[in-house]
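Taking it in order: structure first as C-alpha cells, then the write-up.
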Amino acid sequence: MAKKKQDTGPEARLPKGFHDTDAAELRATRAMLDKIRSVYERYGFEPLETPAIEYTDALGKFLPDQDRPNEGVFSFQDDDEQWLSLRYDLTAPLARYVAQNFQALPKPFRRYATGTVYRNEKPGPGRFRQFTQFDADTVGTDSVAADAECCMLLAETLEAIGVTRGGYLVKLNSRKVLDGVLEGIGIAPGADGDHAKRLGVLRAMDKLDRLGTEGVALLLGAGRKDESGDFTAGAGLDARSIDKVLGFLSAANASRSAALAALSPLVAGSATGEAGVADLAEIDSLLTAAGFGDDCVAIDASVVRGLEYYTGPVFEAELTSTIVSADGQPMRFGSVGSGGRYDGLVQRFMGQPVPATGCSIGVSRLQAALAALAGGAAKAEGQGPVIVLVMDRAQLPRYQSMAQALRSAGIRAEMYLGTSGMKAQMKYADRRGAPCVVIQGGDEIAKGEVQIKDLIEGAKAAAAITDNKEWKEARPAQISVAVSDLVATVREILARHASAA
RNA sequence: GCCGCCUUAGCUCAGUUGGUUAGAGCGCUAGAUUGUGGAUCUAGAGGUCCCCCGUUCAAUUCGGGGAGGCGGUACCA
C-alpha cells in the first residue's frame with residue numbers, strides 16, 4: 001500500500017463520522033429534499049438560509065464553569081479571539097435570526113430551512129458528525145395549533161417520501177405534563193437542589209423503549225449495570241415514587257383519547273401538569289379534524305427530548321419497522337424527526353418572551369434508515385450522457401460539434417475526452433450508463449452518416465448471443481443515419497427508453 | 001468517556017499449531033477480436049498480513065502498548 005510512506009504524502013482518508021456522497025446517493029438525497037420542501041411549502045413556510053458558522057455564544061453552548069465552548073461542538077477562534085462554532089442544529093440560528101430581525105418579520109414568522117449541521121461526537125448507525133436536517137418553525141405564537149401542525153407536517157412529509165401510514169409513528173408528549181409528574185413526586189421544577197434528580201428521572205423515562213420497564217425502574221432507583229459491565233448511576237427515587245413514574249409511563253394507550261383520560265388523574269393537583277394535558281387534548285382535536293388518527297400520531301409519556309430548552313409539547317417521529325443489518329443484527333436508528341415548543345429560546349437574545357415551536361427531519365438518518373430497510377444504500381441511478389466516440393483524433397472538431405448539437409437540443413452529451421481506443425471508449429460509455437453512443441469513422445464521414453448504437457437495447461440483444469464473434473458482427477441495436485438526423489434519432493432512442501422506464 | 005469484539009489484495013474473506021515462494025472469489029488492466037460495451041478463455045498488475053515495542057534462531061501468527069473499525073452503554077441541542 002504505502003510502500004514508500006515518506007514519498008507518497010499524507011494518507012488519503014476521511015475523519016470518522018464524515019462521508020463522501022457519490023452521484024447516485026446525491027441524486028437520491030436531492031429527490032428526498034425536493035419532496036420534503038414541497039410539503040413544507042404547501043404548509044406555508046418560507047425558505048431561509050443562515051450560515052454554517054455562528055458565534056458560539058449565539059448558539060448558547062458554554063460550559064457553566066469554563067470559558068470554553070462545550071464539547072460536542074466544533075469550535076475555533078477567529079482573528080479577534082472570539083469563539084466561533086459550526087452550527088449543531090438549525091433552531092439556535094433561527095432564534096438568533098428572529099431576535100436580530102424581529103421588527104421586520106411578520107408574526108407569527110414561519111420559515112423552513114435545510115442544511116448540514118455538525119456534531120463532534122461518536123458516530124453510529126444513522127449518526128454522523130455532519131448531517132442534513134430539514135426544519136420548519138413557527139415563531140411568535142403560543143397557540144398549540146402550531147404544535148399540532150408540526151406533528152401533521154412530520155407525518156405528511158414521511159408519507160410524501162414513501163413511508164406508508166403505519167410505517168412510522170409520531171409520538172407526542174408535553175414537558176408540562178412531565179413537570180406535573182415531577183411535581184407529584186416532590187421534585188418540582190423551580191425547587192432548586194433537585195435539579196440533578198429531575199434530569200435523572202427524565203433521562204430514565206426517555207429510555208423506556210430501549211430498556212423496558214425494569215431497566216427504567218433501576219435507573220429511577222439505585223442504578224443499572226448494562227451487559228458490557230458499565231454502571232449508570234440512578235436517580236435515587238424511593239419505591240413509591242418509582243411506582244408513580246412507571247404508572248405514568250404506562251398511561252400511554254392504544255388511542256390518544258384513552259391516553260388523555262389516563263393522564264388526567266396522574267397530574268391532578270399540578271397546575272402545570274393539567275395545562276399540559278389540556279394542550280395535548282387540543283392538539284388531539286386538531287389532528288383528528290385534519291385527518292391524522294391514532295395510526296400516525298400517538299401520545300407517548302416516555303417522550304422527553306432535549307433537556308435544555310423544550311417548554312411545552314414535544315414529539316418525535318420514528319420508523320416502526322425493525323431495521324436489520326446485513327449480518328442480521330437489529331440496528332437502532334433512533335428518531336428520524338423531532339421537535340417541540342421552545343418558548344424561551346428567542347428570549348435569550350431579547351428581554352421579551354417570544355414563544356416558538358418547530359420540528360426537524362433528520363434527512364441523513366432517515367435516508368440511512370430507509371436504505372438499511374431496503375437492504376442497500378440509497379441510490380438513484382441517473383442516465384449517463386450520450387457519448388460521441390473519437391474514432392480519429394484529427395477529427396475532434398467534427399465530434400465536438402456533434403456533442404454540442406446534442407447539448408443544444410437539451411440532451412446530456414459529451415465527446416470522449418480520454419485518449420484510449422474504441423474498445424475502451426465503448427467500455428467507458430457502458431460504465432457511464434450512456435443510453436447510446438455516436439460513432440463516426442472514416443467510412444461514415446465519406447458517406448455523410450453517423451452510426452448510433454443503442455447501448456440499452458444492445459445489452460438486451462446481447463443476452464441471447466454467447467459467441468463473441470457473432471455478437472460483434474451482429475452489431476445489435478446499431479443504426480446508420482444521415483448526419484442531419486443525428487439529433488432526431490438520438491432523441492427518439494431516449495424517448496423510447498424514457499417511456500419504457 | 002466506559003465495556004466488548006474485530007483489523008490479511010481495491011472489495012468480501014480463507015490461511016499460517018511461530019519456518020523460507022501468504023491464497024481464493026469478485027473487481028481492475030491487457031490479449032484472443034487493427035472500428036464495437038456483454039459472455040467465454042488466457043495472461044498480468046496489485047500485500048510492510050493495521051502500527052510500535054517485546055519474547056524468539058525466526059513473528060502476519062505469541063505478549064504488551066497504540067491506532068482504526070464495529071457493537072453496546074453514557075451523553076445528545
Side-chain angles (χ1 to χ4, degrees), chain A residues 1-5 11 13-17 59-61 70-73 85 87-93 95 117-125 127 133 135 199-200 203 206-207 210-211 215 219 223-233 304-310 325-327 329-332 334-335 338-340 342 345 360 362 384 387 389-392 420-444 451 453-478:
Chain A
M1 216 181 296
K3 204 172 282 179
K4 295 164 280 180
K5 214 173 239 171
E11 187 186 345
R13 61 190 185 134
L14 223 38
K16 64 178 170 186
L59 296 180
K61 301 302 288 189
N70 197 354
E71 50 186 271
V73 181
S85 293
R87 62 187 176 194
Y88 51 79
D89 69 11
L90 298 173
T91 312
V117 301
Y118 304 83
R119 296 185 189 181
N120 189 6
E121 51 187 25
K122 185 185 148 186
R127 271 184 89 157
Q133 289 193 325
D135 284 34
L199 287 185
R203 283 174 185 152
D206 196 33
K207 294 184 175 69
R210 215 141 37 85
L211 304 180
L219 283 175
R224 171 179 178 273
K225 188 179 284 193
D226 69 45
E227 60 262 36
S228 70
D230 196 21
F231 181 77
T232 308
V304 175
R305 297 308 305 165
L307 304 168
E308 299 267 337
Y309 61 59
Y310 286 122
S325 68
D327 53 345
Q329 296 295 310
M331 293 191 283
R332 197 165 278 287
S335 60
S338 65
Y342 48 96
L345 205 55
S360 175
I387 307 290
L389 301 195
V390 174
M391 305 300 290
D392 176 0
S420 300
M422 183 177 183
K423 188 182 174 76
Q425 295 188 38
M426 288 298 297
K427 258 189 168 168
Y428 171 77
D430 193 39
R431 291 186 50 167
R432 286 295 307 275
C436 60
V437 295
V438 175
I439 306 167
Q440 192 186 45
D443 296 349
E444 288 81 12
Q451 301 266 343
K453 177 157 186 159
D454 182 337
L455 295 188
I456 299 171
E457 207 50 53
K460 284 184 202 157
I465 306 173
T466 53
D467 178 69
N468 186 259
K469 193 159 198 157
E470 186 191 339
W471 141 258
K472 276 182 65 173
E473 284 168 0
R475 294 192 175 174
Q478 184 167 334

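Chain letters run A, B, ... following the sequence lines, proteins first, then strands; residues in each count from 1.
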Identify all pairs in which a protein N or O lies below 3.5 Å from an N or O of nucleotides 38-41 of chain B, and state each distance.
residue	atom	partner	partner atom	Å
G38(B)	N7	W471(A)	NE1	2.5
G38(B)	O6	N468(A)	ND2	2.6
G38(B)	O6	W471(A)	NE1	3.2
G38(B)	N1	I465(A)	O	3.4
G38(B)	N2	A462(A)	O	3.3
G38(B)	N2	I465(A)	O	2.1
A39(B)	N6	N468(A)	ND2	2.6
A39(B)	N3	T466(A)	O	3.2

So what does [X] hit on the nucleic acid, given a heavy-atom distance under 4.0 Å: a base, only sugar-phosphate, or nothing?
X	result
I439(A)	base
A429(A)	nothing
Q425(A)	nothing
G458(A)	base
K207(A)	sugar-phosphate
Q133(A)	nothing

Rounded to the Å, how far apart are [X] [atom1] and [N] [atom2]?
X	N	atom1	atom2	answer
M426(A)	U36(B)	CE	C1'	5 Å
Y309(A)	A77(B)	OH	C1'	5 Å
R127(A)	A77(B)	CZ	P	10 Å
L389(A)	U36(B)	CG	P	11 Å
R210(A)	G72(B)	CZ	P	9 Å
E121(A)	U73(B)	CD	P	15 Å
L90(A)	A77(B)	CG	C1'	11 Å

Margin query: Using every non-hydrogen atom in the two residues, find where I439(A) and E444(A) come nearest and quote the distance to one decimal.
Written below: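 Minimum heavy-atom contact is O-CG, 4.2 Å.
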
Check: For S420(A) and Y428(A), take the nucleotide of RNA chain B holding the closest heavy atom to each; which residue's nucleotide lies nearer the 5' end?
Finding: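 The answer here is S420(A).
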
Next item on the list: Between G17(A) and E444(A), name the one whose nearest nucleotide on RNA chain B is closer to the 5' end.
Entry: E444(A)

Next item on the list: Just do the side-chain contact (heavy atoms from CB on, under 4.5 Å) check on E121(A) and R127(A) with the steps written out, would you?
Entry: CA-CA 9 Å; E121(A) 51 187 25; R127(A) 271 184 89 157; 3.1 Å; yes

Notebook entry, point to check: Considering only heavy atoms and no angle criterion, is a donor-acceptor pair shorter than 3.5 Å present between the side chain of R203(A) and the base of C75(B)?
Noted result: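 Checked by distance alone, the answer is no.
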
Check: Does any donor-acceptor pair link the side chain of Q451(A) with the base of U36(B) at a separation under 3.5 Å?
Finding: no

Checklist line | Residues that T91(A) engages under side chain to side chain contact (heavy atoms under 4.5 Å, CB included), provided they are two or more places apart | finding: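 Testing T91(A) for side chain to side chain contact (heavy atoms under 4.5 Å, CB included), a comparison that skips the adjacent residues, returns D89(A), D135(A), D137(A), Y309(A), Y342(A), L345(A).
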
